[in-house]
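See structure below.
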Amino acid sequence: MTFDSLTFLAFLICVYIAYWAVSGWTARKALLLVASYAFYGAWNPFFVLLLMGTTGFDWFAGRLLERTEEPSRRKLLLIASIAVNLSALGFFKYAQFFTNTAIDLARIIDIEWKPLDLGILLPVGISFYTFESLSYVIDVYRRRIAASRNLLDYSLFVTFFPHLVAGPILRYNDFTPQCAVAKRWVDTALGRGLAMFVTGLSLKLCLADLVFGPVADRVFAIGAQPTVADGWLGATTFSLQVYCDFAGYTLCAIGTALLFGFRFPSNFESPFGAVGMIELWNRWHISLTSWLRDYVFTPLGHYRKGRLRGHANLIFTFFLVGIWHGAAWTFVLWGGINGVLLVLERLFRDHVWDFTRVRNRGGRAALAVATFGIFAMEAVFFRAATIGQAWQILSTMIGLRHAGQVLLTPWPEAEVALIVGALVLAGHIATTHVRGWEWLDRVPTWVRVTTVTAALAAVLFSPGFNPAFIYFQF
Amino acid sequence: MDRRWLVAWIVALLLAAAGVVVFERFLRANHYFPTVQDDKDLWSLQVDRLRRDGNTIVLLGASRIQYAVDPVIVGRYAGRPSVMLAINGAYPVASLRYLAQDPQFHGLAIVGIDSRGLSKRHWEMQQPWIDHYEHRWTLAREIHRRLLTPLQQHLVFVRSPFAMVQMVRRQLANYGLPINDYVVLRPDRMGELDYRRTNVDAIRDRRVLDLREYYRDNPPEPATQWLGELSEVSAWVRAIQARGGQVVFFREPSAGEHLVLDETNYPRDAYWDAYARVSPAVMIDFRDVPAFAALRLPDTSHIDGSDVPRFTRILLEALTRKGILRMVTNMHDAGNLDVGK
């Protein structure tokens with residue numbers, strides 16, 4: 001069930017009415033949990049059992065960890081929990097990838113194996129809820145949080161439907177304290193929640209699917225031979241598409257949670273207004289990057305064990321970012337390139353010019369556009385079907401290949417995408433100082449009317465074929 | 001709700017509602033009309049119907065079946081469920097294979113196809129629809145589709161050609177408004193063409209030109225190769241027959257230069273008739289059923305919606321004569337049923 005479907009609209013109305021009609025806080029939370037399982041089961045009912053199983057296992061592991069004092073037993077419990085979680089993720093997400101890679105490697109030494117289709121279906125959102133469970137168990141192990149005594153609250157933390165399939169990736173301490181206090185309808189930010197939901201939908205339905213998606217699809221179509229301009233247009237529109245798709249989903253998730261009285265952390269904060277890739281990654285998919293910082297980069301030693309080791313840690317962390325996004329070599333390479341770029345940026349800022357100190361608005365805007373250009377170039381690996389195709393487009397963009405046939409540049413699709421893309425970029429550059437969403441409650445009424453009307457119109461007048469949210473596949 | 005948000009939402013909803021009314025009236029004033037929009041979900045709903053009864057009559061093919069044979073009339077005539085799985089613009093061999101691989105199917109497959117469509121290069125055209133049903137069709141999608149259909153039946157602006165972004169693009173390119181559609185599609189995926197709504201001469205010329213270009217770019221394979229590759233199709237037919245099912249290949253009517261081009265490239269005696277001699281399926285060519293000759297084909301390959309009941313009856317009578325179908329409802333009654341337009 002996706003946020004942009006009529007099924008979700010009907011589901012949301014039913015759950016909302018039932019939630020506020022039920023008296024008793026525990027009953028309400030139980031209702032949300034049942035609704036969340038129904039939401040998840042609408043994709044594949046069997047995977048609800050997987051979700052219940054991993055949730056129950058981690059809750060139990062947390063309880064045991066808290067009760068156990070002996071360090072070696074605690075470590076064993078932690079390893080068992082991590083192994084179970086990563087095994088499920090590894091099997092469903094990466095088994096086919098490793099099989100294909102083994103077949104390709106065997107071919108190098110002249111062993112021919114037939115392609116093998118394992119027929120494994122990927123449970124939607126497994127990467128997201130696995131990371132949430134892992135953070136909980138690790139934090140209990142580190143004694144940073146107390147283990148949950150309430151299975152209902154813990155299950156709701158993992159399963160609450162707005163964030164279940166594509167984040168934001170919650171931390172136990174962000175969410176569970178909110179379960180302690182009964183919500184009152186009068187206290188909920190209904191107007192803001194609905195506004196965020198509709199705005200998120202408009203980003204997805206209008207901008208991602210209709211403005212940017214078709215342009216990127218043409219450039220990245222198999223067999224296409226784009227020109228230099230087409231290549232740049234395809235790479236930039238794909239970057240904007242993936243932003244509008246994922247940030248749109250996140251906005252819907254935050255808005256939906258608000259309708260039930262829950263608050264989620266922000267996941268995107270004007271990433272294309274960033275100056276430099278380090279800042280961009282601090283503003284893009286914040287819940288994932290902060291997770292990797294806390295549970296991978298910092299435990300590896302951060303930069304505490306020397307510069308060289310720090311650089312290696314950074315590259316390794318972004319290698320994980322790549323493989324988290326998808327079981328394909330294009331994603332691995334994309335993650336690796338990001339890691340290397342971050343290291344290069346650090347070196348450049350340390351030894352040549354720390355461009356983040358630029359205070360001039362025009363200068364910062366130019367640097368933000370340049371940063372966006374770099375992000376778009378590496379996004380080619382994210383979108384391309386193969387490394388070969390990625391290199392073909394990238395080498396065209398930087399002038400290493402002769403231009404192919406003109407695909408887009410004289411087309412109205414390109415004109416609309418360019419105009420809207422420039423507006424999105426300008427909007428990000430102008431709002432880099434804005435954090436979170438509380439400010440929405442302070443804007444004047446006419447701004448609210450304009451925004452909500454525009455978002456509603458964009459949703460109503462963007463009927464289409466509703467391609468799935470890009471991040472569902474991760 | 002915060003008072004300022006309440007005001008904002010009331011004003012925004014009123015403005016959006018006004019926008020919808022104005023846009024809908026504008027579209028209707030320009031002779032657009034509401035119709036169901038076909039997609040893979042609507043097709044999947046029909047596959048679900050097929051899955052409920054293996055003895056169903058399945059209508060396979062492309063537009064010439066989807067816009068010509070009424071499954072309601074077929075179902076009432078034969079006293080069995082009938083589903084429309086034909087897909088506009090896609091030849092149906094993949095769907096026939098899908099039926100052959102379904103151990104529950106023991107019904108009748110009426111496959112609208114010509115020699116070009118039987119060529120191996122066109123076998124996979126409907127496979128994406130099957131993949132969608134097998135891998136992406138869920139309860140959530142079904143509910144969405146069931147809610148969307150009545151909206152499309154009553155409102156023009158909820159169809160994708162009228163998306164705001166598309167309209168802006170058309171204006172930028174000086175294309176004007178979207179081309180007026182002339183297909184009225186029913187929720188059961190049967191469509192009726194209304195040639196009064198369009199420029200039939202332009203459509204006919206375009207269709208013939210496209211076909212000419214197609215044959216220029218894709219010359220037919222030798223008849224021996226074409227025939228040899230059909231042994232696989234024959235095996236699928238036999239698989240259905242082994243379960244008690246039946247398969248009919250029906251070469252739908254075409255006329256004018258369209259028919260000439262088809263005959264020039266795939267001469268009937270070397271292709272269609274050659275396969276008819278060895279095929280385990282019943283094969284019907286429209287030229288062997290004189291009643292089809294009386295039907296008008298305004299664009300050389302499709303009939304007008306008003307001729308659908310007549311076309312369906314002619315086909316059913318031909319199938320009855322071949323011993324494929326048995327009439328359980330009087331033909332006159334079957335053809336005049338309220339088909340829920």
Side-chain angles (χ1 to χ4, degrees), chain A residues 1-2 4-11 39 41-45 121 185-186 188-195 198 205-207 209-211 214 410-413 415-416 419-420 440-441 443-466 468, chain B residues 1-20 22-24 27 37-41 132 134-152 155-175:
Chain A
M1 193 184 315
T2 54
D4 56 342
S5 68
L6 294 170
T7 313
F8 182 74
L9 184 64
F11 168 85
F39 174 84
W43 271 287
N44 189 326
L121 285 179
W185 187 78
V186 288
T188 57
L190 178 61
R192 172 150 66 94
L194 285 174
V198 175
L205 294 176
C206 185
L207 300 193
D209 292 354
L210 289 173
V211 174
W411 283 48
E413 277 96 334
E415 290 176 29
V416 175
I419 294 165
V420 179
L440 271 174
D441 283 335
V443 297
T445 306
W446 71 266
V447 176
R448 297 177 200 214
V449 171
T450 312
T451 311
V452 175
T453 307
L456 264 180
V459 171
L460 286 170
F461 300 126
S462 299
F465 293 104
N466 301 348
Chain B
M1 192 192 292
D2 172 287
R3 190 183 156 83
R4 286 197 295 173
W5 275 116
L6 186 65
V7 171
W9 269 101
I10 289 171
V11 176
L13 283 170
L14 287 173
L15 287 172
V20 165
V22 169
F23 191 46
E24 180 73 12
L27 291 173
Q37 193 170 7
D38 203 8
D39 63 12
K40 293 186 177 88
D41 287 342
H132 178 83
E134 286 294 322
H135 304 302
R136 287 180 285 279
W137 180 237
T138 59
L139 176 65
R141 293 196 83 99
E142 180 180 344
I143 295 169
H144 173 76
R145 186 60 244 195
R146 285 186 186 281
L147 292 169
L148 182 62
T149 298
L151 288 177
Q152 291 182 342
L155 294 166
V156 182
F157 83 96
V158 293
R159 274 161 46 212
S160 54
F162 305 114
M164 193 166 49
V165 174
Q166 307 279 32
M167 302 280 273
V168 170
R169 276 188 192 138
R170 292 189 71 87
Q171 291 304 317
L172 284 174
N174 290 321
Y175 290 163

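Labels below follow one simple rule: chain letters A, B, ... track the order of the sequence lines, proteins then strands, and each chain is numbered from 1.
Contact annotation for A/Val198: only side-chain heavy atoms (C-beta onward) come within less than 4.5 Å of a heavy atom of chain B. Heavy atoms of A/Pro45 lying under 4.5 Å from chain B are absent altogether. The contact between A/Leu460 and chain B is made by backbone and side chain atoms together, counting heavy-atom distances below 4.5 Å. For B/Ile10, no part lies near chain A; criterion is any non-hydrogen pair under 4.5 Å. Looking at A/Ala195, both its backbone and its side chain come within 4.5 Å of chain B, counting heavy atoms on both sides.
Distance alone, capped at 3.5 Å, is enough to place a donor-acceptor pair between the A/Thr7 side chain and the B/His144 backbone. Checked by atom type and distance alone, the side chain of B/Trp9 pairs as donor or acceptor with a backbone atom of A/Gly191 at under 3.5 Å.
At least one side-chain heavy atom of A/Leu456 sits under 4.5 Å from a side-chain heavy atom of B/Leu13. Contact annotation: the side chain of A/Val452 approaches that of B/Trp5 to within less than 4.5 Å [non-hydrogen atoms, C-beta and beyond].
Of the listed residues (B/Arg169, B/Met164, B/His135), the one with the most heavy-atom contacts under 4.5 Å to chain A is B/Arg169.
Atom OG1 of A/Thr450 is separated from atom CG of B/Leu15 by 9.0 Å, given to the nearest 0.5 angstrom. If you take CG on B/Leu151 and CG on A/Leu6, they are separated by 6.0 Å, rounding to the nearest 0.5 Å. Note: B/Leu172 CG to A/Ile419 CD1 = 6.5 Å, rounded to the nearest 0.5 Å. Separation of atoms CG (B/Asp2) and OG1 (A/Thr188) is listed at 11.0 Å; rounding is to 0.5 Å. With values rounded to the nearest 0.5 angstrom, A/Asn44 atom CG is found 9.5 Å from B/Thr138 atom OG1.
Judged as a ring-ring contact (aromatic ring centres under 6.0 Å, His included), and not counting sequence neighbours, the contacts of B/Phe157 are A/Phe461. Residues meeting the salt bridge (Lys or Arg N to Asp or Glu O under 4.0 Å) test with B/Arg159, sequence neighbours left out: B/Asp181.
What you find for B/Arg4 and A/Val443 is that their closest heavy atoms are NH1-O, 3.7 Å. Here the shortest heavy-atom pairing between B/Ala163 and A/Ser462 reads CB-CA, 4.2 Å. Listed here is the closest heavy atom pair of A/Ala10 and B/Leu147: CB-CD1, 4.4 Å.
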